[in-house]
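Hydrogens, waters and symmetry mates are skipped; everything else that's a heavy atom, side chains included, is used. Note that this is a predicted model, so its numbers are computed, not measured.
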Amino acid sequence: MEEQARLLSSMLFNKHRQVEVALNRSVLAWKEMERRRKRSSGVISNSAETAHSHAVQVCEIVAVLDTKEDQDNAETRRSQKKAKQHSQLYPHAFTVSYVRRTRRHQWRCSDVTFHSASEGLCERWIQVINEQLSLIASRPKSLLVYINPFGGKQRGRRIYEQKVAPLFGRAGISADVIVTERANHARDHLKTEANLDKYDGVVCVGGDGMFSEILHGLVTRFQTDNGVDQNQPDAEMVPCSLRIGIIPAGSTDCICFATVGTNDPVTSALHIIVGDSQPMDVCSVHHDDIFLRYSVSLLGYGFYGDVLTDSERKRWLGPARYDLSGVKTFLSHNYYEGTISFLPAENNMGDPRDKLQCRSGCGICQHEPSSTGTQWEMSEEKEKSDKGGSSGWSAIRGKFIAINAASMSCACPRSPKGLSPSAHLADGTTDLILVRKCSRLDFLRHLVRHTNKEDQFDHSFVEVHRVRKFRFQPRHHELVSLEDPIESPKKTGFSPICSAQTTCNYSTCHSSWSCDGEILPNAAIQVSVQCQLIRLFARGIEEQQQCLLEDPCTLWAVEPSTH
């Protein structure tokens, strides 16, 4: 990378050691000037200079502030005399707060303080660094924050006040906070009352349910303001210009885990502060041209729908209800009949089994949604013009234990790779996973693979397709001909779904769709993927510790060694 010109370079002091500090447009770096000497085989040599060099990307600086003299002396009590002498010689200082990466994708806010004898020099450093931060247009200055005080273990307000608000304050971000008082409070406020022109983003403090409220309120508001009818499945939807931040504080935080890599409030707050932006697809779900809900993670029919339906009756158990309902549903081993139709994605969109995981800077998700949308529209026009209007669509009719549509990996602590490890956040597709009727043991083998590194799709009764749209029609909605009699939808296991074919009714012949943790009222649905409809304050999961844009050593001129 081409070396950038230095904006500032000074000799300062850090922890009583002289350091050279240098700044360019992308990196702040400092190195100790006193090289440690080591004796090896009777020869004295200088240790590697890189061992004493440190660097921070400017875009990951949280704030820079003037430091009062007594703030930096607590750590030097064991050498108070030396500290006093040092503070007299170098009474002025400034502190840089920056992002430090720790284990498992967690971020922390670290501080480094530089001392100088010159007050003017410290002020100059603060001014220039702040000028560089002000050039980062993606950084939010004003946020609308919704706190769910009831979700998870009811820790939302405490998490925000103790861990998040101090960081926002340090970064100079103003926040208007609304503590929700009822279900859908945040959704309704965003749809009608909120003055969105005042803010650079919306933040939810809670779990996946709270995020869903924010999503529905914000997307609906933008469609209403732009005259888009959400009840039209083929309507061209308007992307939301405001980003959404997630501070995890719920019983499930799958969306945060899949987009950041950890369910840690401090990490999420720092992603918001530095102004990260991660586009995300949203699935719109309709029934008979009536809008039902939006989904960003998992649409599940059969097994996951039954688990959610049963768990709703056990809410008093808290998060443990999911485990209990999961065991009960597994032992019941229900299956359902119907027809799933889908429009496959283009060949260049990858494959659910290609093992190319969506990570920060993902190449597959880098495309512009507008160009992809044009390509899709041309494909659909060709599809409609073809005889019968069914060109490009595939249909599968059968008996299914589970039908899942994963718009992201759906990774979580219990399933580190998720339901579809190679699903992408912003490629305009969803991975459709069909689990056909099989033995209880085979289905258990499939479920267990969600927790290990084996290919969970490598079963004869499982198939997966990357699709742009799909429709599902349960069996009881289909016409029955005399030549092709259809047996009643069945449940196997502890009890039959109905006592006789003649008494089978709508409510007992089908499962329910679980849509991001909410139950849909209809089994017959049509789903369209809206490419990059929203953006999060996130950057995707970083594969490794992120490298600097350039070697910090290039900030200093190479000096000949002297011995």
Side-chain angles (χ1 to χ4, degrees), residues 105 138 215 236-237 239-240 243-244 246 254-261 271 276-284 294-299 342-380 392 394 404-412 415-434 450 453 455-458 463-470 516 527-547:
H105 307 290
S138 61
L215 166 70
E236 184 177 350
M237 302 192 70
C240 299
R243 284 166 290 172
I244 302 174
I246 307 173
C254 293
I255 296 170
C256 185
F257 190 90
T259 54
V260 176
H271 278 283
D276 280 338
S277 183
Q278 171 64 52
M280 279 188 64
D281 298 335
V282 176
C283 288
S284 58
Y294 293 114
S295 170
V296 296
S297 57
L298 176 66
L299 274 165
F342 57 89
L343 188 61
E346 289 79 9
N347 293 332
N348 62 349
M349 303 310 291
D351 182 87
R353 300 182 67 179
D354 59 16
K355 297 184 179 181
L356 297 177
Q357 293 183 312
C358 188
R359 291 293 182 261
S360 181
C362 174
I364 293 179
C365 297
Q366 291 298 312
H367 61 76
E368 292 293 330
S370 56
S371 61
T372 304
T374 302
Q375 182 181 0
W376 289 3
E377 288 172 8
M378 293 174 60
S379 175
E380 289 181 6
S394 298
N404 301 320
S407 298
M408 59 175 62
S409 68
C410 298
C412 64
S415 178
K417 296 182 68 177
L419 290 180
S420 187
S422 296
H424 289 270
L425 295 172
D427 65 344
T429 71
T430 187
D431 286 353
L432 184 62
I433 307 166
L434 308 178
H450 292 155
K453 296 182 180 180
D455 183 359
Q456 60 205 50
F457 304 131
D458 188 23
E463 55 184 288
V464 59
H465 306 272
R466 183 154 290 171
V467 306
R468 298 193 275 116
K469 297 182 177 183
F470 73 89
D516 291 1
V527 178
S528 299
V529 182
Q530 309 294 333
C531 187
Q532 300 186 12
L533 188 63
I534 62 171
R535 286 181 172 268
L536 300 187
F537 283 108
R539 65 174 59 175
I541 299 175
E542 292 180 314
E543 192 68 58
Q544 298 174 343
Q545 299 287 5
Q546 186 166 334
C547 298

Straight-line distance of Cys362 SG to Ile541 CD1, nearest 0.5 Å: 11.5 Å
Donor-acceptor under 3.5 Å (Ser528 side chain, Lys469 main chain): no
Heavy-atom donor-acceptor pair, Gln532 side chain to Ala426 backbone, under 3.5 Å: yes
Side-chain heavy atoms of Thr430 within contact of Val527, under 4.5 Å: no
Ser409: side-chain hydrogen bond (donor to acceptor under 3.5 Å, both in side chains) partners, not counting sequence neighbours: none
Side chain proximity check, Arg466 to Asp427, heavy atoms < 4.5 angstrom: yes
Partner set under side chain to side chain contact (heavy atoms under 4.5 Å, CB included) for Asp276, not counting sequence neighbours: Trp107, His271, Val274, Arg539
Beyond-backbone contact of Pro421 with Lys355, side-chain heavy atoms, under 4.5 angstrom: no
Taking every non-hydrogen atom, the tightest pair across Gln366 and Gly361: NE2-C, 3.6 Å
Considering all heavy atoms, the nearest Thr429-Asp281 contact: N-OD2, 3.6 Å
With sequence neighbours excluded, residues passing side chain to side chain contact (heavy atoms under 4.5 Å, CB included) with Ala423: Ser420, Asp431
Distance-minimising heavy-atom pair for Tyr294 and Asp516: O-OD2, 4.1 Å
Pairwise distance CG(Leu536) to CD(Gln278) - rounded to 0.5 angstrom: 7.0 Å
Main-chain N/O of Val260 paired to His105 side chain as donor or acceptor, under 3.5 Å: no
Rounded distance [0.5 Å steps], CZ in Arg359 versus CD1 in Ile364: 12.5 Å
Spacing of CG belonging to Leu215 relative to CD1 belonging to Ile246, to within rounding of 0.5 Å: 9.5 Å
Sequence-distant partners of Phe342, side chain to side chain contact (heavy atoms under 4.5 Å, CB included), two or more places apart: Pro344, Ser394, Ile396, Leu432, His465, Val467, Phe470
Over all atoms of both residues, closest heavy-atom pair of Val464 and Arg353: CG1-CG, 4.0 Å
Shortest non-hydrogen contact between Ser422 and His424, atoms and distance: O-CD2, 3.1 Å
Gln456 (side chain) donor-acceptor with Gly418 (main chain) under 3.5 angstrom: yes
Ser407 vs Val296 side-chain heavy atoms within contact, under 4.5 Å: no
Greater than 12 external heavy atoms within 6.0 Å of Asn347's CG: no
Ser138 side chain near Arg243 side chain, heavy-atom distance below 4.5 Å: yes
side-chain hydrogen bond (donor to acceptor under 3.5 Å, both in side chains) partners for Asp351, two or more places apart: none
Counterpart residues, side-chain hydrogen bond (donor to acceptor under 3.5 Å, both in side chains), relative to Ser277 (two or more places apart): Arg535
Interatomic spacing from SG in Cys531 to CZ in Arg468 - rounded to 0.5 Å: 10.5 Å
Gap between atom CE of Met408 and atom CE of Met280 - 0.5 Å precision: 3.5 Å
